[in-house]
Amino acid sequence: MGFYQDSNNSGDTSDTSQDLQQDQQQNPAEKTSDGERAGENGAVTTKGRHTIHALTIIGQIEGHYTLPSDNKTTKYEHVIPQIVEIEESGEIEGLLIVLNTVGGDIEAGLALAELIAGMKKPTVSLVLGGGHSIGVPLAVAAKRSFIAPSATMTIHPVRTNGLVLGVPQAFNYFQRMQERIIRFVTSNSRISFERFQEFCLSTDELTTDMGSVLDGNRAVEEGLIDQVGSLSDAIGALYEMIEGN
């Protein structure tokens, strides 16, 4: 899976601007107005019935290597502290994960998915546009998952870039990595191991690759995602989970 403040009115604001910039870098989630805090990869809002954190996972999941600056990325080292903070926060009552991702680094994506799946707080995911490749485990990691009717999810085997040694150990490693992904997905959704593997190895859909593309309704029919729905549906389900706790 793919994988891949106020100035001092002295007329000189350079020090103030520099201090503010440094403070924003050190504190990516700062309070802005009326219970809303903006931050990288999401925002906390208190304007609804409950305090929820909206976490966006977009573009490519960036792992141990920094991608070129023209790539839209989600950096896992930024998201991990947010998830820990959400789980430990006495203010935040639930987590909404909004996904539109092409995939990315396998281990970084699985690390985020495992963290989300291990949370005690209510979690809901919503796939918009696409939840491809390693985005599939991230989508199913939530306790309840939604997908927009027009969204799609691409399921395909593990692949890698760079040098690969043509030895049995290398292929055994890929097989074990693939099994890790399938086990996670099937243990957090209603799709079977065999059916998911069948989608991975399909040669009928992608012209130059193995794999399958499922639209929103098909993903629900196959048991990969719980329900087709919109943003309001996902937030409504999250509120219900919070109130049912």
Side-chain angles (χ1 to χ4, degrees), residues 1-2 41-43 45 47-58 61 74 79 83 86-87 92-103 109-110 112-156 181-200 202 205 211-245:
M1 267 188 182
N41 293 109
T45 176
K47 294 181 179 179
R49 297 204 310 267
H50 299 281
T51 304
I52 65 173
H53 186 100
L55 177 66
T56 57
I57 297 178
I58 59 173
I61 311 300
T74 295
V79 178
I83 296 175
I86 294 163
E87 179 72 351
I92 301 169
E93 299 174 83
L95 172 63
L96 174 67
I97 307 115
V98 181
L99 295 114
N100 187 4
T101 175
V102 297
L110 277 180
L112 296 178
E114 289 282 9
L115 279 177
I116 294 168
M119 295 179 69
K120 292 182 179 179
K121 287 189 177 178
T123 55
V124 170
S125 66
L126 173 63
V127 180
L128 299 172
H132 306 299
S133 194
I134 202 63
V136 175
L138 285 163
V140 304
K143 294 178 175 63
R144 185 87 178 273
S145 57
F146 287 80
I147 186 169
S150 61
T152 58
M153 305 184 80
T154 303
I155 303 169
H156 60 73
I181 295 168
I182 299 177
R183 280 198 302 270
F184 181 88
V185 171
T186 55
S187 64
N188 288 278
S189 67
R190 294 176 289 107
I191 195 169
S192 69
F193 188 101
E194 293 74 21
R195 185 61 169 159
F196 192 85
Q197 191 170 49
E198 183 181 335
F199 282 130
C200 284
S202 174
E205 292 195 37
S212 305
V213 180
L214 307 182
D215 63 19
N217 289 303
R218 183 79 183 282
V220 174
E221 290 173 5
E222 295 291 345
L224 188 60
I225 297 296
D226 293 324
Q227 185 177 333
V228 173
S230 62
L231 176 61
S232 61
D233 295 321
I235 293 176
L238 186 56
Y239 283 174
E240 288 179 5
M241 294 170 66
I242 293 170
E243 291 164 2
N245 276 356

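All of these numbers come straight from a predicted model, not from anything done at the bench. Note that these values count all heavy atoms, side chains included, but never hydrogens, waters or copies made by symmetry.
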Main chain of [Y], side chain of [X]: is a donor-acceptor contact present, judged purely on distance under 3.5 Å?
| X | Y | value |
| --- | --- | --- |
| Glu205 | Val213 | yes |
| Thr74 | Ile58 | yes |
| Glu222 | Ile191 | no |
| Ser125 | Ala139 | yes |
| Lys143 | Met241 | no |
| Glu93 | Ile52 | no |
| Asp226 | Phe146 | no |

Report the C-alpha distance between Met119 and Ile86 in whole Å, list the side-chain angles of each, state the deciding distance to 0.1 Å, and finish with yes or no for side-chain contact (heavy atoms from CB on, under 4.5 Å).
-> CA-CA 9 Å; Met119 295 179 69; Ile86 294 163; 3.8 Å; yes
Decide yes or no on side-chain contact (heavy atoms from CB on, under 4.5 Å) for Leu138 and Ile61, but give the supporting numbers first.
-> CA-CA 11 Å; Leu138 285 163; Ile61 311 300; 4.1 Å; yes
Least distance between heavy atoms, Ser133 atom then His156 atom |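 Closest heavy-atom pair between Ser133 and His156: OG-NE2, 3.3 Å.
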Drop me the distance from [X]'s [atom1] to [Y]'s [atom2], to the nearest 0.5 angstrom.
| X | Y | atom1 | atom2 | value |
| --- | --- | --- | --- | --- |
| Thr56 | Ile97 | OG1 | CD1 | 11.0 Å |
| Asn188 | Leu224 | CG | CG | 11.0 Å |
| His132 | Leu99 | NE2 | CG | 11.0 Å |
| Ile134 | Thr101 | CD1 | OG1 | 9.5 Å |
| Ile235 | Glu240 | CD1 | CD | 12.5 Å |
| Ser212 | Arg218 | OG | CZ | 7.5 Å |

Contacts of Asp215 that satisfy side chain to side chain donor-acceptor pair (under 3.5 Å) - sequence neighbours left out |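 Not a single residue meets the side chain to side chain donor-acceptor pair (under 3.5 Å) criterion with Asp215.
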Yes or no on side-chain contact (heavy atoms from CB on, under 4.5 Å) for Leu95 and Lys121, after CA distance, side-chain angles and deciding distance?
-> CA-CA 7 Å; Leu95 172 63; Lys121 287 189 177 178; over 6 Å; no
Applying side chain to side chain contact (heavy atoms under 4.5 Å, CB included) to Val220 and not counting sequence neighbours gives Ile147, Ile225, Val228
